[in-house]
There are 2 protein chains.
Amino acid sequence: MKSTINDVAALAGVSIKTVSRVINNEPSVRPATRKKVMDAVEELHYQPNLAARNLAGTRSYTIALIYDNPNAYYVIDMQNGILEACKARGYELLIHPSNAKSDTVNDELRALVEHSKVAGVVLTPPFSETQSVIDEINKLGLDYVRIVSSGAAEGDEENCIQVDDTAAAFDITQHLIDHGHKRIGFLSGGEEHVSTHGRLDGYKQALQQAGINLAPELVIPGEYSFDSGVAGAKALLESDNPPTAIFASNDEMAAGALFAARLMHVEIPEQLSIVGFEDSPFSRQTWPKLTTAHQPNNEIAKCAAALVLNKARSKGAAESAAANKEAGITKKFVPELLVRDSTGDSPS
Amino acid sequence: MKSTINDVAALAGVSIKTVSRVINNEPSVRPATRKKVMDAVEELHYQPNLAARNLAGTRSYTIALIYDNPNAYYVIDMQNGILEACKARGYELLIHPSNAKSDTVNDELRALVEHSKVAGVVLTPPFSETQSVIDEINKLGLDYVRIVSSGAAEGDEENCIQVDDTAAAFDITQHLIDHGHKRIGFLSGGEEHVSTHGRLDGYKQALQQAGINLAPELVIPGEYSFDSGVAGAKALLESDNPPTAIFASNDEMAAGALFAARLMHVEIPEQLSIVGFEDSPFSRQTWPKLTTAHQPNNEIAKCAAALVLNKARSKGAAESAAANKEAGITKKFVPELLVRDSTGDSPS
DNA sequence: GAGCGAAATGACAACGCTGTCAAATTGGCG
DNA sequence: CGCCAATTTGACAGCGTTGTCATTTCGCTC
């Protein structure tokens with residue numbers, strides 16, 4: 001039924017080692033031989049057994065996605081993107097949700113390597129921005145790719161897929177300013193995320209460039225959640241001198257802000273403009289639909305996965321190939337402004 | 001660094017086979033020996049290597065989750081539940097999104113078995129309700145658990161985790177009836193889902209029991225999506241004799257209905273009541289918050305995973321254990337009515 | 001067409017575990 | 001105290017690959 005490398009070798013009339021060479025794209029196989037083998041592979045629908053490969057080889061065919069993110073859409077997008085890249089190259093993906101608070105990631109990482117012989121990992125915030133995690137990974141000799149907010153790439157650009165939160169936040173804020181808004185509230189994400197600071201920076205830069213003074217009371221701390229968006233927007237709207245627009249650090253918070261506005265009978269966008277960030281599916285399902293910044297998570301994930309996979313692969317093969325193959329992999333993304341219905345001209 | 005079964009055997013002063021027996025909980029090991037081995041395992045932090053196990057054994061330590069569902073929350077809940085169960089038993093989970101339309105599942109299933117030696121699968125709708133898929137799985141000799149709408153369990157209750165959509169839909173409809181609603185619109189999910197029919201049945205039964213005639217024009221076909229909810233609700237509201245309440249087959253459709261209502265300046269719940277189904281996180285983030293039926297997906301997934309895992313395990317061990325272990329596994333769930341703010345008394 | 005270095009191929013061990021089956025140990029009983 | 005059956009333990013092969021290293025074949029040169 002299921003064919004092994006032996007079957008292929010027999011059919012092609014070569015040794016199993018030669019088959020191994022062909023399927024691993026190693027050099028030193030004559031074209032004629034290679035063809036014979038490939039034909040046999042084709043005919044038998046041969047697929048190398050992963051367990052055997054992982055066991056025998058020095059390199060492994062499994063990578064892991066490590067995350068701690070309550071946002072289902074984000075996780076799914078990431079996951080699907082990585083899965084695509086894996087499938088294309090015959091790799092397997094281990095999903096590993098963890099807990100940033102509990103501080104057990106490092107142990108889990110070690111277990112992942114020893115227990116399942118993982119070759120590489122894709123790290124998402126906040127792990128991707130935590131030094132101790134990166135140190136551990138280096139100690140373990142794992143290949144990795146960090147999906148980070150630009151600020152966190154430091155001297156490690158090689159291993160990072162960057163999202164330029166600052167530039168995108170600048171654009172968003174500018175959009176608000178263009179509509180005549182001068183008092184713009186800012187709902188912050190969690191302190192531990194570098195993106196929180198990046199987005200705040202973009203907001204500040206846009207204000208400054210427009211000659212608008214930063215009003216510290218308009219910047220509300222929060223944590224990337226719906227409830228936090230509700231609370232933040234409420235605080236803002238109940239203040240003495242409420243803003244005419246609110247920049248929520250992500251779509252969930254924006255949805256929360258929308259909820260708060262509704263609660264307080266504030267019309268959107270007539271009396272208040274609200275923007276989000278990420279372009280989550282539900283930013284299209286709110287009323288009104290949210291103006292936001294499109295963050296292509298699926299694409300980001302695909303690039304991240306392709307990057308780790310190339311690394312893992314280039315270990316054995318020609319190192320030079322690495323740079324070569326990175327062509328087609330985008331390493332820096334700038335979420336693009338997406339104007340929908342939650343923003344309009346300033347009422348004042 | 002990483003210890004193998006040999007290290008444990010050496011430290012415990014026994015053969016590797018005995019160690020194997022202990023870690024697999026096989027009988028025929030004297031308590032004293034067992035303890036020696038367990039101490040050694042402890043001391044070395046030994047964890048069996050999964051690739052080796054999968055390669056050597058007849059049984060495997062990997063299961064797969066097969067799904068085709070655009071609802072990120074659903075998938076994540078399922079996934080996390082299964083992951084928990086897997087982790088507890090040292091299993092690995094392969095995530096396998098597929099496409100019900102493309103009809104490639106069967107091939108993919110086969111590849112999963114041959115390529116990765118998967119031992120069992122958890123199937124979610126619509127695959128769990130597709131006979132050809134189930135046939136293929138049986139042919140492959142895979143253990144499986146189907147998460148299905150009650151109607152689809154047929155004579156295969158043993159392998160099913162059932163969700164009683166009919167009972168839950170009945171309760172929801174009853175809730176509406178209790179509030180004086182007599183014209184209740186019904187927004188259907190996709191035809192291919194058995195749950196669609198189950199929910200419709202519950203709706204019909206409640207109407208009948210209350211002596212309300214079914215108005216066929218109030219039942220709108222759709223497909224479990226936001227857009228479909230918008231369209232369905234619009235059609236209903238624009239009709240000559242619009243309903244005073246709408247039962248949307250899931251929360252996404254309900255959110256769509258909310259959107260349509262807003263568009264048409266219909267106040268919820270004053271002029272129209274809307275209910276959803278599933279208790280997705282965003283049913284709490286709409287305005288107003290949705291009345292819905294709480295479907296405990298995470299719990300369902302955990303039970304499903306525990307069930308496949310028990311099956312895979314009991315293969316070698318005492319068969320009798322199976323029934324025993326199933327204690328604690330719920331096999332039938334009835335989503336519970338959750339009254340929030342989108343329903344109220346009938347205006348008429 | 002003999003000789004040589006390079007390229008292509010193959011034989012075989014090893015990866016870490018489980019399954020099979022044989023060997024050793026145990027305990028009960030006459 | 002010895003014998004036998006039952007229980008416990010171990011030796012060894014094998015799972016399907018890859019890595020190492022030896023062997024064969026090839027393409028030239030003179």
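Below, chain A is the first sequence line, B the second, and so on; all start at residue 1.
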Using a cut-off of 4.0 Å on non-hydrogen atoms, how would the nucleic acid contact of A:L50 be classed: base, sugar-phosphate, or nothing?
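Since no nucleic acid heavy atom lies under 4.0 Å of A:L50, the category is nothing.
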
Over all strands shown, is B:N24 touching base, sugar-phosphate only, or nothing at heavy-atom distances under 4.0 angstrom?
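Contact class for B:N24: sugar-phosphate only.
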
Of the listed nucleotides (C:dG19, C:dC15, C:dA11), which one gets closest to any side-chain atom of B:K17?
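Of the options given, the side chain of B:K17 lies nearest C:dG19.
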
From the list C:dT18, C:dT20, C:dG10, which nucleotide is the closest neighbour of the side chain of B:S20?
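From the listed options, C:dT18 comes nearest.
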
Between A:S28 and B:G57, which residue's closest nucleotide on DNA chain C lies nearer the 5′ terminus?
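Mapping each residue to its closest nucleotide by heavy atoms, the 5'-most match is A:S28.
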
[atom1] of [X] versus [atom2] of [N]: gap in Å, rounded?
{"X": "B:Y61", "N": "C:dG16", "atom1": "OH", "atom2": "C1'", "answer": "13 Å"}
{"X": "B:N54", "N": "C:dC17", "atom1": "CG", "atom2": "P", "answer": "12 Å"}
{"X": "A:K35", "N": "C:dA8", "atom1": "NZ", "atom2": "P", "answer": "18 Å"}
{"X": "B:R30", "N": "C:dA24", "atom1": "CZ", "atom2": "C1'", "answer": "10 Å"}
{"X": "B:N49", "N": "C:dA14", "atom1": "CG", "atom2": "P", "answer": "18 Å"}
{"X": "A:N6", "N": "C:dC12", "atom1": "CG", "atom2": "C1'", "answer": "13 Å"}
{"X": "B:I16", "N": "C:dG16", "atom1": "CD1", "atom2": "P", "answer": "11 Å"}

Tell me every residue that passes side chain to side chain donor-acceptor pair (under 3.5 Å) with A:N138, counting only those two or more places apart in sequence or in another chain.
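With sequence neighbours excluded, A:N138 shows a side chain to side chain donor-acceptor pair (under 3.5 Å) to no residue whatsoever.
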
Less than 4.0 Å between a side-chain N and a carboxylate O, is that true for B:D107 and B:R110?
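A salt bridge is present here (some side-chain N lies under 4.0 Å from a carboxylate O).
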
Charged N to carboxylate O under 4.0 angstrom, A:D135 versus A:K139?
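Answer for the salt bridge query: no.
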
Mind checking whether A:Y67 and A:Y74 have ring centres under 6.0 Å apart?
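No - the distance between ring centres of A:Y67 and A:Y74 does not fall below the 6.0 Å cut-off.
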
Side chains of [X] and [Y]: does their closest heavy-atom pair fall under 4.5 Å?
{"X": "A:L50", "Y": "A:T62", "result": "yes"}
{"X": "B:I147", "Y": "B:M78", "result": "yes"}
{"X": "A:D7", "Y": "A:T4", "result": "yes"}

Looking at A:S15, does any N or O in its side chain come under 4.0 Å of the phosphate oxygens OP1/OP2 on C:dG10?
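Indeed, a polar side-chain atom of A:S15 lies that close.
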
With a 4.0 Å cutoff (strictly under), does any side-chain N or O of B:R53 reach OP1 or OP2 of C:dT18?
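Affirmative; the distance criterion is met.
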
Taking the nucleotide of DNA chain D with the closest heavy atom to each, which residue, B:V14 or B:A56, is nearer the 5' end?
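Final value for this comparison: B:V14.
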
Both B:V29 and A:Q47 contact DNA chain D. Which one's nearest nucleotide lies toward the 5' end?
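With B:V29 and A:Q47 compared, the 5'-side residue is B:V29.
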
Would the base of C:dG19 count as contacting B:R21 through its side chain, where contact means a donor and an acceptor less than 3.5 Å apart?
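No, the side chain and the base share no sub-3.5 Å donor-acceptor pair.
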
Strictly distance-based, threshold 3.5 Å: is any side-chain N or O of A:N54 a donor or acceptor partner for the main-chain N or O of B:A51?
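Here the side-chain-to-backbone pair does not exist.
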
Just by distance, do the side chain of A:R146 and the backbone of A:A152 share a donor-acceptor pair under 3.5 Å?
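Side chain of A:R146 to backbone of A:A152: a pair is present.
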
Please check if the number of heavy atoms outside B:E154 that lie under 6.0 Å from its CD is greater than 12.
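Yes, the 6.0 Å shell around CD holds more than 12 heavy atoms from other groups.
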
Axis-to-axis angle between the two ends of the helix from C:dG1-D:dC30 to C:dG30-D:dC1 (five base pairs per end, rounded to 10 degrees)
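Overall, the helix from C:dG1-D:dC30 to C:dG30-D:dC1 bends by 50° from one end axis to the other.
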
Of all nucleotides in DNA chain D with an atom under 4.0 Å from a non-hydrogen atom of chain A, which is the first and which the last going 5' to 3'?
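Boundary nucleotides touching chain A, in 5' to 3' order, are D:dG16 to D:dC26.
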
